[in-house]
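No hydrogens, no waters, no symmetry mates; every other heavy atom, side chains included, goes into these values. Order of appearance sets the numbers: ligands from 1, and atoms from 1 within every ligand.
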Amino acid sequence: MRLLITGSTGMVGQNILEHPDASNYEVLAPRRSELDLLDISNIKSYLAVNQPDMIIHAAGVVGGIQANIAEPVRFLVDNMNMGVNVLTAAKSAGIKRFLNLSSSCMYPKDASNPLSENLILKGELEPTNEGYALAKVASTRLCEYIHAEDESFLYKTAIPCNLYGRHDKFDPKNSHMIPAVISKLFDAKKSNQSAVDIWGDGQARREFMYAGDLADFVFYAICNFERMPQNINVGLGKDYSINDYYAEIAKVVGFEGAFVHDLTKPVGMRQKLIDDSKLKSFGWNSSTSLECGLMQTVEYYKDTQ
Ligand SMILES: NC(=O)c1ccc[n+]([C@@H]2O[C@H](COP(=O)([O-])OP(=O)(O)OC[C@H]3O[C@@H](n4cnc5c(N)ncnc54)[C@H](OP(=O)(O)O)[C@@H]3O)[C@@H](O)[C@H]2O)c1
């Protein structure tokens with residue numbers, strides 16, 4: 001089977017390419033210079049020449065809260081256009097299998113936890129990443145519509161929780177929580193800081209999965225695509241408090257100072273935990289412990305700084 005991976009230079013794309021099962025496939029992993037998803041004629045000609053059997057759509061404009069707040073137009077427009085372009089071009093090219101990667105950020109902000117797949121569009125979105133979430137909702141629905149119009153097109157969506165791992169972004173302007181805390185605690189250790197601040201009381205809970213495990217899910221999904229649900233959450237089904245993440249990262253990094261809670265700062269959502277019932281019935285589960293995932297991520301950080 002010939003697989004096209006979009007976003008192959010990103011964290012998810014790189015983890016897919018590094019997975020041992022990648023060698024069982026003929027993998028097309030074009031860089032953006034060869035396949036720009038904002039240019040539909042580029043996509044059409046690429047698909048006509050390369051004729052993949054299946055597309056794994058792992059490209060996107062991705063970032064933490066700061067980046068989403070700073071550039072809401074790009075987060076909405078680029079993600080929306082990439083999704084619509086690649087899905088419609090794939091449909092026109094007659095490609096029958098498409099795995100779309102969405103995000104648990106598309107669930108309504110006040111939805112009750114754990115977040116099940118039927119909560120999509122059941123409430124207002126989180127304002128700090130609304131544009132990104134709208135684009136994710138649109139591509140998820142477009143997959144459903146394409147399949148509804150012609151059942152032979154298996155266009156399905158995986159909805160991962162937050163991810164971390166090798167090939168993550170550590171620059172504070174673009175990073176998510178785990179890489180940001182890794183770089184913060186490394187700096188604190190280097191400069192012998194006696195304490196580090198945590199925004200809020202640290203009791204908000206978050207679910208982070210190792211990106212290597214998402215790659216594992218992708219290959220499981222490829223092999224079991226017919227029976228994969230139309231939309232499926234992918235995560236641990238369990239979460240940790242922000243304080244737990246700081247403590248675990250401090251252990252791995254070797255930071256021995258104290259933590260001070262800055263209660264004047266916002267805490268964000270109290271919890272964002274996916275419902276993993278469908279994932280369990282589908283027969284896949286995440287296998288990397290937080291400690292092991294953090295150790296590999298910190299190794300990657302040390303090697304690349
Ligand atoms: N990271 C997470 O915590 C997380 C959680 C849930 C879901 N996801 C989803 O997983 C997917 C991948 O995320 P990631 O963390 O791997 O992001 P990432 O590291 O920022 O990678 C994004 C990838 O998309 C590519 N890309 C951006 N614009 C493009 C364009 N116009 N044409 C072609 N390629 C383009 C980038 O190419 P360049 O290298 O050229 O920029 C890069 O390869 C996204 O859909 C994201 O929403 C991520």
Side-chain angles (χ1 to χ4, degrees), residues 4-19 28-43 46-47 55-65 67-68 71 74-87 89 98-107 115 126 129 131-140 142-143 157-171 173-181 206-215 217-218 221 231-236 245 272-274 286 293 297 300 304:
L4 166 59
I5 317 287
T6 71
S8 61
T9 55
M11 175 172 68
V12 171
Q14 286 288 305
N15 276 277
I16 293 173
L17 295 179
E18 284 180 356
H19 192 280
L28 303 168
R31 301 181 79 82
R32 190 200 299 221
S33 49
E34 194 186 349
L35 178 61
D36 182 353
L37 299 177
L38 294 176
D39 177 353
I40 191 152
S41 59
N42 183 191
I43 306 175
Y46 184 91
L47 295 181
I55 298 178
I56 313 297
H57 179 40
V61 176
V62 181
I65 292 186
N68 272 271
E71 287 188 285
R74 192 161 81 92
F75 275 81
L76 170 62
V77 174
D78 285 12
N79 283 313
M80 184 76 83
N81 288 343
M82 273 190 253
V84 171
N85 286 346
V86 71
L87 280 161
F98 193 110
L99 176 58
N100 177 43
L101 289 183
S102 182
S103 161
S104 60
C105 292
M106 76 170 165
Y107 285 118
L115 302 159
E126 165 61 33
N129 60 28
Y132 175 78
L134 283 168
K136 293 293 181 191
V137 168
S139 63
T140 303
L142 185 50
C143 287
T157 299
I159 309 167
C161 64
N162 298 314
L163 304 169
Y164 72 99
R166 290 168 50 74
H167 307 284
D168 214 335
K169 299 186 197 82
F170 294 87
D171 151 27
K173 275 198 203 129
N174 280 311
S175 56
H176 289 112
M177 190 196 86
I178 288 191
V181 175
R206 294 288 180 270
E207 179 182 17
F208 275 90
M209 185 171 74
Y210 187 58
D213 285 0
L214 179 64
F217 169 83
V218 166
N231 299 322
I232 186 167
N233 286 331
V234 186
L236 313 176
Y245 284 113
K272 205 173 80 178
L273 172 67
I274 58 122
S286 162
T297 310
Y300 174 83
T304 52

Report task. Pick, from Gly60, Gly7, Ala29, the option with the minimum heavy-atom distance to atom 22 (C) of ligand 1. Result ->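 Residue with the shortest heavy-atom distance to the ligand atom: Gly60.
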Query raised in the report: Relative to atom 25 (C) of ligand 1, which among Ala59, Ser103, Pro160 owns the nearest non-hydrogen atom?
Result: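 Heavy atom nearest to atom 25 (C) of ligand 1 belongs to Ala59.
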Could you identify the single nearest non-hydrogen protein atom to [atom] and state the distance to 0.1 Å?
atom                    : answer
atom 12 (C) of ligand 1 : Ala58 O, 3.1 Å
atom 19 (O) of ligand 1 : Met11 N, 2.8 Å
atom 47 (O) of ligand 1 : Tyr132 OH, 2.5 Å
atom 10 (O) of ligand 1 : Val12 CG2, 3.8 Å
atom 43 (O) of ligand 1 : Thr9 OG1, 2.6 Å
atom 32 (N) of ligand 1 : Leu37 N, 3.0 Å
atom 7 (C) of ligand 1  : Ser102 O, 3.1 Å
atom 6 (C) of ligand 1  : Cys161 O, 3.4 Å

Query raised in the report: Got a sec: does the CD1 of Ile65 have more than 12 other heavy atoms crowding it under 6.0 Å?
Result: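 For Ile65, atom CD1 is not crowded (no more than 12 foreign heavy atoms under 6.0 Å).
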Query raised in the report: Using a heavy-atom cut-off of under 4.0 Å, does the side chain or the backbone of Arg31 touch ligand 1, or both, or neither?
Result: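 Looking at Arg31 and ligand 1, no heavy atom falls under 4.0 Å.
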Is the side chain of [X] donor-acceptor paired with the backbone N or O of [Y] at a distance under 3.5 Å, no angle test?
X      : Y      : result
Asn15  : Met11  : yes
Lys169 : Ala180 : no
Thr6   : Ala59  : yes

Considering only heavy atoms of [X], which atoms of ligand 1 have at least one such atom less than 4.0 Å away?
X      : answer
Gly10  : 16 (O), 18 (P), 19 (O), 21 (O), 42 (C), 43 (O)
Asp36  : 30 (C), 31 (N), 32 (N)
Lys136 : 44 (C), 45 (O), 46 (C), 47 (O)
Leu101 : 45 (O)
Leu35  : 32 (N), 33 (C)

Query raised in the report: Is the shortest heavy-atom distance from the side chain of Met106 to the side chain of Thr140 under 4.5 Å?
Result: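 Counting from C-beta outward, Met106 and Thr140 do come under 4.5 Å.
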Requested in this report: Please tell me if the side chains of Thr297 and Phe170 come closer than 4.5 Å, counting only heavy atoms from C-beta onward.
Outcome: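 Yes; the side chains approach each other to less than 4.5 Å.
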Query - Partners passing salt bridge (Lys or Arg N to Asp or Glu O under 4.0 Å) against Arg166 (at least two apart in sequence or in another chain) - result: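 So Arg166 forms a salt bridge (Lys or Arg N to Asp or Glu O under 4.0 Å) with Glu18.
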Query raised in the report: Taking only residues two or more places apart in sequence, or in another chain, which ones meet Glu34 in a salt bridge (Lys or Arg N to Asp or Glu O under 4.0 Å)?
Result: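 Applying salt bridge (Lys or Arg N to Asp or Glu O under 4.0 Å) to Glu34 gives none.
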Could you tell me whether [X] and ligand 1 have an N or O pair separated by under 3.5 Å?
X      : answer
Ser104 : no
Val62  : no
His167 : no

Query raised in the report: Using 30° and 60° as the class limits, which term best fits the ring planes of Phe208 and Tyr164: parallel, tilted or perpendicular?
Result: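 Plane angle over 60°, so perpendicular.
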Report task. Starting at CG of Leu273, measure out to CD of Glu207 and round the result to the nearest 0.5 Å. Result ->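 It is 5.0 Å, given to the nearest 0.5 Å.
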Query raised in the report: Roughly how far, to the nearest 0.5 Å, is the SG atom of Cys105 from the OH atom of Tyr132?
Result: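 Between atom OH of Tyr132 and atom SG of Cys105 there are 5.5 Å.
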Query raised in the report: Is it true that Lys169 lies under 4.0 Å from ligand 1, counting heavy atoms only?
Result: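 For ligand 1, residue contact (heavy atoms, under 4.0 Å) with Lys169 is present.
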Query raised in the report: Looking only at heavy atoms, what is the nearest atom pair of Ala215 and His19, with distance?
Result: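 Reported closest heavy-atom pair: C-CD2, 3.9 Å.
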